[in-house]
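Presented below is the structure to which this report refers.
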Amino acid sequence: MVDDSRFTARVMSAVRRIPPGRVSTYGDVAEAAGKPRAWRAVGNIMRSCSRGDVPCHRVVAAGGQLGGYGGNTAMKRALLQAEGVLFSGTRIRDFRLKRWLAGE
DNA sequence: TGGTTGACGGTGG
DNA sequence: TCCACCGCCAACC
């Protein structure tokens with residue numbers, strides 16, 4: 001089990017809780033981790049994750065934008081589309097409705 | 001121990 | 001609606 005006291009672990013746990021077909025913003029994940037203003041660090045942490053343990057592809061930037069994902073935004077988009085998330089160009093359709101908040 | 005980085009968010013123009 | 005600047009926090013070197 002991971003050390004829950006570490007912000008990184010809390011962020012990873014929060015991301016794992018994101019159900020398929022849903023997305024969360026870095027801010028939402030940070031908030032779920034207990035630090036609503038740590039979205040900056042969340043991005044940093046995600047960079048380290050991306051191994052398969054965490055569905056980091058469900059974490060997108062605010063406004064429905066994809067974000068980075070190591071530059072493979074196309075793959076990220078494909079993964080989300082496979083889960084039922086509709087896209088409008090580089091942005092998520094009905095992002096507000098697809099957005100998942102911790103505790104929902 | 002200190003400084004820099006970074007898959008960002010929000011506001012202003 | 002798009003572009004640019006500033007602010008923020010944790011991890012890494």
Side-chain angles (χ1 to χ4, degrees):
Chain A
M1 222 19 152
V2 287
D3 189 345
D4 222 58
S5 54
R6 287 222 191 278
F7 180 72
T8 311
R10 293 171 80 177
V11 170
M12 289 203 198
S13 294
V15 176
R16 277 190 234 177
R17 282 176 231 167
I18 303 174
R22 291 281 190 152
V23 293
S24 262
T25 66
Y26 292 91
D28 291 334
V29 175
E31 187 176 7
K35 301 280 182 186
R37 300 202 143 172
W39 32 258
R40 273 282 214 180
V42 173
N44 250 3
I45 294 163
M46 291 299 173
R47 229 170 156 228
S48 295
C49 300
S50 58
R51 282 152 204 212
D53 282 341
V54 182
C56 38
H57 64 271
R58 287 177 197 157
V59 183
V60 300
Q65 289 190 292
L66 281 172
Y69 203 73
N72 298 326
T73 49
M75 185 171 75
K76 185 173 183 176
R77 187 174 66 184
L79 287 168
L80 291 173
Q81 284 186 80
E83 292 184 354
V85 179
L86 284 308
F87 275 83
S88 182
T90 55
R91 280 204 163 162
I92 298 176
R93 272 206 203 190
D94 303 315
F95 169 65
R96 274 198 178 182
L97 304 177
K98 297 286 184 183
R99 193 172 176 187
W100 178 83
L101 290 314
E104 191 184 321

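Chain naming here is simple, since letters A, B, ... match the order of the sequence lines and numbering starts at 1 in each. What's counted below: heavy atoms across the whole structure, side chains too, no hydrogens, waters or symmetry copies.
You'll find the side chain of A/V15 stays beyond 4.5 Å of the side chain of A/R58, heavy atoms only. Counting only heavy atoms from C-beta outward, the side chains of A/V60 and A/K76 approach each other to under 4.5 Å. A 4.5 Å side-chain heavy-atom check between A/T8 and A/V11 finds every atom pair outside the cut-off.
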Below 3.5 Å, can you tabulate the donor-acceptor pairs from side chains in residues 85-96 of chain A to any protein atom, sequence neighbours excluded?
none

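Closest to the A/Y26 side chain, of the nucleotides B/dA7, C/dC8, C/dG7, is B/dA7. When each of C/dC9, B/dG10, B/dT5 is scored by its nearest atom to the side-chain atoms of A/A38, the top-ranked nucleotide is C/dC9. The A/K76 side chain lies nearest to B/dA7 when the options are B/dG6, B/dG9, B/dA7. Proximity note for A/A62 (side chain, C-beta onward) versus B/dG10, C/dC8, C/dA11: the nearest is B/dG10. Comparing B/dA7, B/dG9, C/dA10 against the side chain of A/T8 picks out C/dA10 as the nearest. Closest to the A/R47 side chain, of the nucleotides B/dA7, C/dA10, B/dC8, is B/dA7.
We find that CE of A/M46 is positioned 13 Å from P of C/dA11, with the value rounded to whole Å. Between the CG atom of A/N44 and the P atom of B/dG9 there is a distance of 13 Å, rounded to whole Å. Atom CD in A/E31 sits about 11 Å away from atom P in B/dG10, given to the nearest Å. The interatomic distance linking A/W39 (CH2) with C/dA11 (P) rounds to 16 Å, in whole Å. A/Q65 places its CD atom 12 Å from the C1' atom of C/dT1, with the value rounded to the nearest Å. Atom-to-atom, NZ of A/K35 to C1' of C/dG7 comes out at 17 Å; the value is rounded to the nearest Å. Rounded to a whole Å, the CG atom of A/L66 is 12 Å from the P atom of B/dG9. As rounded to whole Å, 18 Å separates atom P of C/dC8 from atom CD1 of A/I45.
Residue contacts for A/A41: at a heavy-atom cut-off of 4.0 Å it reaches a base atom on one of the strands shown. In this structure, A/T73 reaches neither bases nor backbone, as no heavy-atom distance under 4.0 Å exists between it and the strands shown.
Evaluation of atom-type donor-acceptor distances gives a pair under 3.5 Å for the side chain of A/R40 against the base of C/dG7.
Checking side-chain atoms of A/E83 against main-chain N and O of A/G21 turns up a donor-acceptor pair under 3.5 Å.
Summary of the strand contacts: A/T25 and A/V42 both lie near DNA chain B, and taking for each the nucleotide with the nearest heavy atom, the more 5' one is attributed to A/V42.
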